[in-house]
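A quick write-up on the structure given underneath.
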Amino acid sequence: MRTLVLHPDLARTETRRSPELALEEAAGLTEALDGLTIVEKMVVPVPKARAGTLFGTGKVEELKALCKAEEIDLVIIDGPVSPIQQRNLEQEWNVKLLDRTGLILEIFGERAQTREGVLQVDLAHLSYQKTRLVRSWTHLERQRGGGGGAAGFLGGPGETQIESDRRAISDQIVRIRKQLSKVVKTRKLHRAARAKIPYPIVALVGYTNAGKSTIFNRMTGAEVLAKDMLFATLDPTMRAITLPTGKQVILSDTVGFISDLPTQLVAAFRATLEEVLDADLILHVRDMAHPETEEQAADVAEILESLGIDEAAQAKMVEIWNKVDAVSPEEADALERMAERDPRTVAISALTGQGMDTLFAAIEELTEEPHEDVTLNLEYREGKERAWLFSHNLVLEERQDEDGYHLDVSWTAKDRAQFEQMRSSH
């Protein structure tokens, strides 16, 4: 489809972003959808937003002429567009129109792979569609004014159509929520099972296209889709990895964040992103070659806060300054020097592998739990418990006498809890 991408530069709006870079991001989102060809992209100054058309009359006419001359099929407006504005502009320009929320929903719909991902996208899509039933209102208004009074209005075909549409969507939403609740219960069971595994969980988070999947692939040897494309990863992926020291951790790759993420999607993917809340260590991956890396980091922090990652939880977060290969040598040197002074920062290039040893060492150190040295006294009949301690490499020294085994053990709180659970189950 021949596509026109517009970024409305609204006057008097507080934003962290430059309009030109926002337009580039919108174009990147558009290119992430199959079958779309960007014919033209532009920033459109909007001194005053119009309730019916967003843009002023002159600009609407100017863009109408452009759509006709370039045979545009689809217009992407990088921002919120009300249902009335969407209907009016589609009619005026004779095109299909998507706002930012609609575009991101389309991308998520294309990318979702797992059962839960598909259901959550469907739920978000339906919630969005429910607000877009405005198209029927023109017909409904004619019903109201066409004589027949209140009785004619209540029973008119316009009213019947819009109500049946709403009811159909509501029924679908209820059905999907029921299906989702089953999937979420299953995932909770999986999470509970993982909690019993004595391996720390390390979660990758970051702005979309920051390089999380490239890091994930380099660390795990997996083949997760890693493209220079917004939202290349949607469903969370988890792999067990062995660090150079032999220690094992579970690495989780999550969906990329983005500024102005639609509220429907924040709610829909909350359950998926709860994986981050359970993590022992959070790696916040940043694209240091992007001119708005600070603004992107602020967007990620906002979304994490909305998910419940508070200041206490941020203590388990490390910033990964990625793409140092894509900045000037002087900038790369400066970033590396800054990172060396801060134990919560690592400068790397996931593409070339630069700095990966430092990253592995930081993960090793920051997932190390405090150990407690204790002496356990076991009776001879507790051979299974003794074997468990040895199999988990927790025994420093062992003595035996007529009372049983006396073991000097060094363990973490997690080890102790697992041992006590195992012991009580016998």
Side-chain angles (χ1 to χ4, degrees), residues 1 29 33-36 51-52 54 73-77 79-187 231 234-235 255 260-272:
M1 292 178 78
L29 285 169
L33 266 184
D34 290 337
L36 301 187
L54 180 60
D73 306 299
L74 173 67
V75 174
I76 304 288
I77 295 182
V81 176
S82 73
I84 299 255
Q85 289 167 343
Q86 180 179 351
R87 182 200 66 198
N88 290 343
L89 290 174
E90 283 185 340
Q91 287 179 348
E92 187 67 28
W93 296 344
N94 193 30
V95 295
K96 165 83 176 141
L97 188 144
L98 280 177
D99 67 357
R100 184 180 177 87
T101 298
L103 175 62
I104 293 173
L105 282 166
E106 290 293 331
I107 295 167
F108 273 43
E110 227 176 54
R111 295 274 181 280
Q113 297 292 323
T114 64
R115 172 85 173 134
E116 183 178 6
V118 170
L119 286 171
Q120 288 182 337
V121 171
D122 286 349
L123 183 61
H125 232 135
L126 288 166
S127 303
Y128 177 70
Q129 279 176 359
K130 204 171 177 184
T131 68
R132 303 270 136 180
L133 289 177
V134 69
R135 294 158 199 272
S136 305
W137 284 107
T138 47
H139 180 53
L140 178 56
E141 291 299 329
R142 283 202 299 275
Q143 294 298 321
R144 292 179 76 168
F153 160 54
L154 289 171
E159 176 73 2
T160 306
Q161 182 60 49
I162 199 164
E163 286 306 321
S164 66
D165 285 352
R166 279 217 176 105
R167 193 161 46 251
I169 287 177
S170 295
D171 289 348
Q172 280 181 279
I173 287 173
V174 169
R175 192 168 66 252
I176 287 174
R177 280 194 175 134
K178 279 181 185 169
Q179 291 173 296
L180 258 177
S181 68
K182 289 179 187 171
V183 177
V184 169
K185 276 178 193 166
T186 305
R187 192 163 40 74
F231 294 122
L234 183 55
D235 294 296
V255 61
D260 306 319
L261 189 67
T263 50
Q264 293 98 330
L265 282 173
V266 173
F269 280 83
R270 190 182 192 91
T272 305

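- Atom-to-atom distance recorded for His125:NE2 and Phe108:CZ is 12.0 Å, nearest 0.5 angstrom.
- Nearest heavy-atom pair, Gln85 versus Pro80, reported as atom, atom and distance to 0.1 Å: OE1-O, 4.4 Å.
- Interatomic distance, Arg132 CZ to Ile84 CD1, rounded to the nearest 0.5 Å: 10.5 Å.
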Quick one: side chains of residues 171-181, donor-acceptor pairs under 3.5 Å with protein atoms, not counting sequence neighbours, listed by atom name and distance.
from, atom 1, to, atom 2, distance (Å)
Ser181, OG, Lys178, O, 2.7

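- Once rounded to the nearest 0.5 Å, the distance linking CG of Asn88 with CG of Leu97 reads 11.0 Å.
- Across all non-hydrogen atoms, the minimal contact from Ala51 to Ser82 is O-OG, 4.2 Å.
- Residues Leu29 and Arg100 have side chains in contact (heavy-atom distance under 4.5 Å, counting atoms from C-beta outward).
- The distance from the CD atom of Glu110 to the CG atom of Leu105 is 12.5 Å, given to the nearest 0.5 Å.
- The CD1 atom of Ile77 sits 9.5 Å away from the CG atom of Leu98 when rounded to the nearest 0.5 Å.
- With rounding to the nearest 0.5 Å, the separation of CG in Asp73 from CG in Asn94 is 9.5 Å.
- A heavy-atom distance below 4.5 Å is found between the side chains of Tyr128 and Asp99.
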With side chain to side chain contact (heavy atoms under 4.5 Å, CB included) as the criterion, how do Val75 and Leu89 come out once you've worked through the C-alpha distance, each side chain's angles and the decisive distance to 0.1 Å? CA-CA 10 Å; Val75 174; Leu89 290 174; over 6 Å; no

